[in-house]
Amino acid sequence: MIRFRRFLLMLLLSCGVIPIASYYRGKNIYETCALTALGILFFAVTVYYLELLRLQNKTVMGAYDDFRLYSFVYCTLALISAGFSFLPGYLAVVTLFPAVCITLFKDVTGFSLSIYFLLLTWALSGENAYLLVSDILVVTVVSLFIAINPSGKAKIITSLLLFLMNVVIPVIVMFVEGAGIIPLNVLYCVIAGVLGALLYFLISDKLRGAMPKEKFVRYRILLDGSFHLLKEIKACSEAEYAHAKKVSEICGRIAGKLGLDADLSACGGMYYRLGRIAGGEIKDGVRLAEENCFPPELIDIISEYNGECRLPGSRESALVHIVDSVTLKFEVMDKDIFSGSWNRDIMIYSTMNEYSEKGLYDESGLSMNSFLRIRELLTAEDLNGGTI
């Protein structure tokens, strides 16, 4: 339940920093409890929102998100917000909030995070309501600029506009407040504007680079030996891990030659027997895959294990089943039997034909040409590891 561990970290860090900052800001116990309660409430709403998106495969970082980046940003901004509360009001670089949140999460998710941390900064600092109005206007206008996702000259112009908004809007609010222009506050606005514009210009592209852009990024993570599930599989059974790794590598190679999704096929091979390892049943593997935010098409392959609950529904799923079945037979049989290529080829042909005649691949979309090509490519594989 890796995402729930991240949610717990978000709760402890983001809400834990509020009473600490309140204490050093001289808040009384009632104010501290109220602010902490609001922090917990926003956290609860955020978790509910993220879980709804996850169930719809529409998470903030794509359909395969495990909330790693979101939780990191959430916790980091909570610490920054607490730090800003100790600065003079107009010196807080509030444009940092939309610069990070809108760049990464877009739309309502990024904007709501920006507003929340802005309000948290204001509530902890104890500044007047006019400063809050100024900061909300700055964040709102800046969010519109950043949401356009400018590049080149447009990005330079956007950075200049960020600076101007950070100066012009607070000055106008000073007049509305009736206090007139206070030179020190204007200086603070200029400093905050320069810092905000520079930060946006320098970090926006790097932030976008931190976002997973394609499915293969997620697949590569799932195939990384340091991924916690692979470590657990290996700790549970070295033999199962070795088998899964072998099937994964063969599936990836063959899929690439057939024009199929090689990353999906490799992941399918690696986690095909997850149900057997997780608890002995296919549903256990599916549950574990869902809890770890596996891509839906990978979960489909896991759920179609051996055609027990339903037949393979994609060419990749059919390929994974073929490679797993053939490889398993080679592992359990005496290796001396397959010392000759003729015996090896007969075993591959008979295994594949057996399942094909049962109609196991009828719903996969696998053509006869692809079936024969897989058979041909398997004969070129050393099914005890590597290629011939």
Side-chain angles (χ1 to χ4, degrees), residues 1-4 51 54-57 63-66 215 218-219 221-224 227-252 254-255 260-332 351-352 354-366 371 374 378 383:
M1 305 293 278
I2 190 167
R3 69 181 185 281
F4 291 115
E51 281 298 293
R54 186 185 68 82
L55 293 173
Q56 299 173 30
N57 294 317
Y64 318 113
D65 185 28
D66 59 4
K215 296 177 184 179
R218 184 62 190 156
Y219 290 139
I221 292 173
L222 292 173
L223 290 171
D224 192 320
F227 187 63
H228 72 99
L229 267 185
L230 290 186
K231 288 183 177 179
E232 292 172 16
I233 291 173
K234 191 172 185 179
C236 177
S237 171
E238 287 277 358
E240 281 287 354
Y241 178 78
H243 171 80
K245 192 169 186 298
K246 184 194 305 180
V247 173
S248 173
E249 291 171 353
I250 295 173
C251 284
I254 293 179
L260 305 182
D261 190 327
D263 290 316
L264 171 60
S265 300
C267 269
M270 182 62 77
Y271 294 98
Y272 194 52
R273 296 160 64 87
L274 186 60
R276 292 172 58 88
I277 300 168
E281 296 188 24
I282 294 173
K283 64 180 181 181
D284 296 315
V286 171
R287 173 185 53 77
L288 196 56
E290 290 175 342
E291 289 175 355
N292 285 272
C293 301
F294 277 28
E297 53 267 42
L298 179 54
I299 295 176
D300 286 342
I301 292 178
I302 295 170
S303 70
E304 292 162 0
Y305 172 73
N306 215 25
E308 293 177 12
C309 295
R310 57 178 183 172
L311 298 180
S314 67
R315 293 179 296 168
E316 288 81 5
S317 184
L319 170 62
V320 170
H321 178 268
I322 290 171
V323 175
D324 179 73
S325 302
V326 172
T327 303
L328 193 60
K329 283 201 174 183
F330 274 78
E331 289 173 349
V332 299
T351 302
M352 292 182 63
E354 175 189 347
Y355 288 111
S356 178
E357 289 170 2
K358 291 179 179 178
L360 199 71
Y361 311 123
D362 289 354
E363 297 180 9
S364 68
L366 189 70
F371 180 83
I374 292 172
L378 274 176
L383 296 172

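What you see below is based on every heavy atom in this structure, not just the backbone, and it leaves out hydrogens, waters and symmetry mates.
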CD1-CD distance between Ile302 and Glu297, expressed to the nearest 0.5 angstrom: 11.0 Å
I want to check something: taking the side chain as every heavy atom from C-beta on, are Asp324 and Arg273 in contact at a cut-off of under 4.5 Å? yes
Are any of the side-chain nitrogens in Glu354 or Lys329 under 4.0 Å away from the carboxylate oxygens of its partner? yes
Distance-only side-chain donor-acceptor flag, Tyr272 / His321, under 3.5 Å: no
Could you tell me if the side chain of Val247 sits less than 4.5 Å from the side chain of Leu328, heavy atoms only? no
So which atom in Ala262 and which in Ala255 form the shortest heavy-atom distance, rounded to 0.1 Å? CA-CB, 3.7 Å
With a 4.5 Å heavy-atom cut-off, do Ile233 and Leu274 have their side chains touching? yes
Does the pair Met270 and Leu230 meet the rule for a side-chain contact (heavy atoms from CB on, under 4.5 Å), with working shown? CA-CA 9 Å; Met270 182 62 77; Leu230 290 186; 3.5 Å; yes
Is a side-chain donor-acceptor pair under 3.5 Å present for Ser265 with Glu316? no
Taking Ser317 for the side chain and Pro312 for the main chain, is one N or O donor matched with an acceptor at less than 3.5 Å? no
Testing the basics here: between Val320 and Cys251, what is the closest heavy-atom pair and its distance to 0.1 Å? CA-SG, 3.8 Å
What do the steps show when you test Leu311 against Ser364 for side-chain contact (heavy atoms from CB on, under 4.5 Å), and what is the final call? CA-CA 8 Å; Leu311 298 180; Ser364 68; over 6 Å; no
Strictly below 4.0 Å, N to O, side chains only: are Asp261 and Arg315 in salt-bridge contact? no
Looking at every heavy atom in both Ser303 and Arg310, which two are closest together, and how far apart are they? OG-NH2, 2.8 Å
So does Leu298 get a backbone contact from the side chain of Tyr271, meaning a donor-acceptor N/O pair under 3.5 Å? no
Residues Lys246 and Glu331 bridged, charged N to O under 4.0 Å: yes
Gap separating the CG atom of Leu229 from the CG atom of Leu288, nearest 0.5 angstrom: 5.0 Å
Give me the atom names and distance for the closest heavy-atom approach of Ser248 to Leu223. OG-CD2, 3.7 Å
Interatomic distance, Ile301 atom CD1 to Leu319 atom CG [nearest 0.5 angstrom]: 8.5 Å
Restricting to non-hydrogen atoms, name the atom on Val326 and the atom on Thr351 that form the minimum distance, rounded to 0.1 Å. CG2-CG2, 3.9 Å
Distance (rounded to the nearest 0.5 Å) between Lys234 NZ and Lys245 NZ: 8.5 Å
Distance check, rounded to the nearest 0.5 Å: Phe371 atom CZ versus Ser356 atom OG? 4.0 Å
Within a strict 4.5 Å, meaning less than it, do heavy atoms of the Tyr305 and Glu308 side chains meet? yes
Rounded to the nearest 0.5 Å, how far does CD1 of Ile322 lie from OG1 of Thr327? 11.0 Å
Of all heavy-atom pairs between Ile254 and Leu378, which one has the smallest distance, and what is that distance? CD1-CD2, 3.9 Å
